[in-house]
Asker: 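Structure incoming, see below.
Every chain is numbered from 1, with letters handed out A, B, ... down the list of sequences.
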There are 2 protein chains.
Amino acid sequence: MADARTARSRAAKGRAAKDPAAQAPTAKGRATRARIVEGAAEVLREQGVAFTTLDDIRSRTGTSKSQLFHYFPAGKDELLLAVAQFEADRVLADQQPHLGQLDTWECWQQWRDLVVERYERQGDHCPLGSLFLQVGRSSPGARAIVTELMRQWQEHIARGIRTLCANGLVSPALDADRTAAALLAGIQGGVTIMMSTGDSTHLKAALDTGIEHLRRTAVA
Amino acid sequence: MADARTARSRAAKGRAAKDPAAQAPTAKGRATRARIVEGAAEVLREQGVAFTTLDDIRSRTGTSKSQLFHYFPAGKDELLLAVAQFEADRVLADQQPHLGQLDTWECWQQWRDLVVERYERQGDHCPLGSLFLQVGRSSPGARAIVTELMRQWQEHIARGIRTLCANGLVSPALDADRTAAALLAGIQGGVTIMMSTGDSTHLKAALDTGIEHLRRTAVA
DNA sequence: TGGAAAATGGACCGGCAAGTCCAGACTGAG
DNA sequence: CTCAGTCTGGACTTGCCGGTCCATTTTCCA
């Protein structure tokens, strides 16, 4: 619902979120700000961006309208962006420690299970995907958040592949980065499809096929 | 922007789009309806669902408010759903004739190029993905459209794999459906990532790795 | 050709949700 | 203690946008 409305006002004021010291000066303020972001994240997961109003967030977090605008002067978009960053940070954190330790086939399998489990539990709302529709590709911040998340995620996977390679488990001829990119795409697509259809078959197929592809190169 | 607003009114009236003979009785009516859907699709692609109002569509299609509600009595959601169906139909059609003729490696390559080209051209708005956020998983129709699209798409790919198999180009031991699901997930994810980051690397990696995976089983 | 059904134009309504504002309560450094 | 800066409450404004309504024109077919 923000949409055009929000776009208008955003253009009108043109203030952007400043990353450095965006936190409030006092401890109480910082706590409130954090409460808002976390509460907003909850609400957004439950209802989806399109159906969430500032009042929903306000009541969930036990804050007042003025607090929302005190901590996020640029309004809803700025808050949404903060939530997006919050969620993006969770994505990789939730995959640890496995994602950082992809050195044996067993680890890969555990990571695979973790990813499936995590997204099956998440249900049918992608906090990051939806954020996009609201803020739009036009936003400088939004794209950066996702791009960085993808970069790190892919880097973790690629590192895992290189570790396998170093351990002699896969062929050195394998292009680790490209394979990691493909696997990441498979995960993304699997999740997307699961969101839409409620079926995790594709996610599992993507992960299993991707890992199998790796395993197969061991022979080569 | 419809969102809560639309949800409210949708609940209030509760009418649904009736598929059979949803077309207007007269030729002129049918033409107008089609013009609306096509025009709406254009606008939605350009601006994204979140930023598109009925007035945008109205002015683009040269129609009046009453026409919109005449052809889509349930309002914006019904129109959005019609556009979704329209776009969904395009997705597979745009991949023909290659998608239906995946019987040689060359065909697969041509199809791969077509998919990459199609989505690179499409730019950064996924008409179907966004439709979801607006109408939501709760909608009976929306999920059905995507589920059916995925089913058909996957079926086409799987059939291609079986053809390769019949031609002795890949191992009969290969699970065609699972492999097709994985490849489809890769495409979806590649497109998603491209939408967000503007980079088609992942899409290409997913397609190439998937096809390479197929090729490799030829040996086994 | 007449009249019923369909199609169209466009003024109007109502409510909702983002954003504003100011008064008052807290906090913390000097 | 005190006072400047921060934080909080909540009433209020604004204008957008989905949806309604009815008058008018066009189409169709008997």
Side-chain angles (χ1 to χ4, degrees), chain A residues 1-15 21-36 39-40 43-44 47-80 134-135, chain B residues 1-15 21-36 40 43 47 49-81 134-135:
Chain A
M1 58 278 319
D3 321 359
R5 216 184 318 259
T6 304
R8 163 177 28 98
S9 72
R10 176 179 46 213
K13 49 176 65 166
R15 303 175 240 170
Q23 318 287 2
T26 110
K28 190 178 181 185
R30 252 168 292 148
T32 302
R33 196 194 133 101
R35 201 174 74 240
I36 292 174
V43 181
L44 288 169
Q47 313 185 342
V49 205
F51 299 96
T52 301
T53 75
L54 288 185
D55 255 9
D56 293 332
I57 295 171
R58 199 189 50 66
S59 81
R60 170 74 63 107
T61 58
T63 51
S64 67
K65 215 60 170 300
S66 64
Q67 281 172 293
L68 258 38
F69 282 86
H70 179 70
Y71 294 105
F72 305 95
K76 197 179 187 184
D77 282 358
E78 187 181 351
L79 172 54
L80 251 32
Q134 185 75 354
V135 175
Chain B
M1 62 274 325
D3 321 359
R5 217 184 320 259
T6 306
R8 162 175 32 94
S9 73
R10 176 179 45 212
K13 48 177 63 164
R15 302 176 242 170
Q23 318 286 5
T26 111
K28 189 179 184 188
R30 252 166 295 151
T32 302
R33 196 194 133 100
R35 200 174 74 240
I36 292 173
V43 180
Q47 313 185 339
V49 204
F51 301 96
T52 301
T53 75
L54 288 185
D55 255 9
D56 293 332
I57 296 170
R58 199 189 50 65
S59 80
R60 169 74 63 107
T61 58
T63 51
S64 66
K65 214 67 168 297
S66 66
Q67 280 172 294
L68 258 37
F69 283 86
H70 179 71
Y71 294 105
F72 305 94
K76 197 179 188 183
D77 282 358
E78 189 181 349
L79 171 54
L80 251 32
L81 219 56
Q134 185 75 357
V135 175

Asker: Roughly how many Å is it from CD1 in A/Ile36 to P in D/dC7, rounded to a whole number?
Answerer: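 The distance from CD1 of A/Ile36 to P of D/dC7 comes to 11 Å, rounded to the nearest Å.
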
Asker: For B/Phe72 and D/dT20, give me the distance from atom CZ to atom C1', rounded to whole Å.
Answerer: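 Computing the B/Phe72:CZ to D/dT20:C1' distance gives 18 Å.
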
Asker: Can a side chain N or O of B/Thr26 be found less than 4.0 Å away from OP1 or OP2 on D/dT26?
Answerer: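 No.
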
Asker: Taking all non-hydrogen atoms of both residues, which atom of A/Thr63 and which atom of A/Arg58 are closest, and how far apart?
Answerer: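 Closest approach of A/Thr63 to A/Arg58: O-CG, 2.8 Å.
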
Asker: Could you check how far NE2 of A/His70 sits from P of D/dC7, rounded to whole Å?
Answerer: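 Rounded to whole Å, this separation is 4 Å.
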
Asker: Counting just side-chain N and O atoms, does B/Tyr71 come under 4.0 Å of either OP1 or OP2 of C/dA6?
Answerer: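 For B/Tyr71, the contact criterion (side-chain N or O under 4.0 Å from OP1 or OP2 of C/dA6) is not met.
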
Asker: If you check every side-chain atom of B/Thr53, which of C/dG19, D/dG18, D/dC7 has the closest atom?
Answerer: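 Looking only at heavy atoms from C-beta outward on B/Thr53, the closest nucleotide is D/dG18.
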
Asker: Quick check for you: to the nearest 0.5 Å, what is the distance between B/Ile36 atom CD1 and B/Phe72 atom CZ?
Answerer: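 So the CD1 of B/Ile36 and the CZ of B/Phe72 are separated by 5.5 Å.
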
Asker: If you take all heavy atoms of A/Phe51 and A/Asp56, which pair is closest and at what distance?
Answerer: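 Scanning both residues, the minimum pair turns out to be O-OD2, 3.6 Å.
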
Asker: By nearest heavy atom, map A/Lys28 and B/Thr32 onto DNA chain C; which one lands nearer the 5' end?
Answerer: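 Whichever sits nearer the 5' end wins; that is B/Thr32.
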
Asker: Could you check how far CZ of B/Phe51 sits from P of D/dC17, rounded to whole Å?
Answerer: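 Atom CZ in B/Phe51 sits about 11 Å away from atom P in D/dC17.
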
Asker: Which distance, rounded to the nearest 0.5 Å, do you find between the NZ of B/Lys65 and the CG of B/Leu68?
Answerer: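 The NZ atom of B/Lys65 sits 8.0 Å away from the CG atom of B/Leu68.
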
Asker: Which residues in residues 55-68 of chain B have at least one heavy atom lying under 4.0 Å from any atom of DNA chain D?
Answerer: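 Hits under 4.0 Å, by residue number: B/Lys65, B/Ser66.
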
Asker: Round to the nearest Å and state the distance from A/Phe69 atom CZ to C/dG19 atom C1'.
Answerer: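 So the CZ-C1' distance, A/Phe69 to C/dG19, works out to 4 Å.
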
Asker: Is it true that a side-chain atom of B/Arg35 and a backbone atom of B/Thr61 form a donor plus acceptor pair closer than 3.5 Å?
Answerer: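 A pair under 3.5 Å: yes.
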
Asker: In whole angstroms, how far is the P atom of D/dT6 from the CZ atom of A/Arg30?
Answerer: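 Going from A/Arg30 (CZ) to D/dT6 (P), I get 13 Å.
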
Asker: Using atom CD of B/Glu78 as one end and atom P of D/dG18 as the other, report the distance to the nearest whole Å.
Answerer: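 So the two atoms are 15 Å apart, to the nearest Å.
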
Asker: For A/Leu79 versus A/Ala40, what's the shortest heavy-atom pair and its separation?
Answerer: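 Heavy atoms of A/Leu79 and A/Ala40 come nearest at CD1-CB, 4.4 Å.
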
Asker: To check you understand the geometry: which heavy-atom pair defines the closest contact between A/Thr52 and A/Lys76, and what is its length?
Answerer: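 Scanning both residues completely, I find the closest heavy atoms to be O-NZ, 2.9 Å.
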
Asker: Starting at atom CG of B/Asp77, determine the distance to atom C1' of D/dG18, rounded to an integer number of angstrom.
Answerer: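 Taking CG of B/Asp77 and C1' of D/dG18, I get 10 Å after rounding.
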
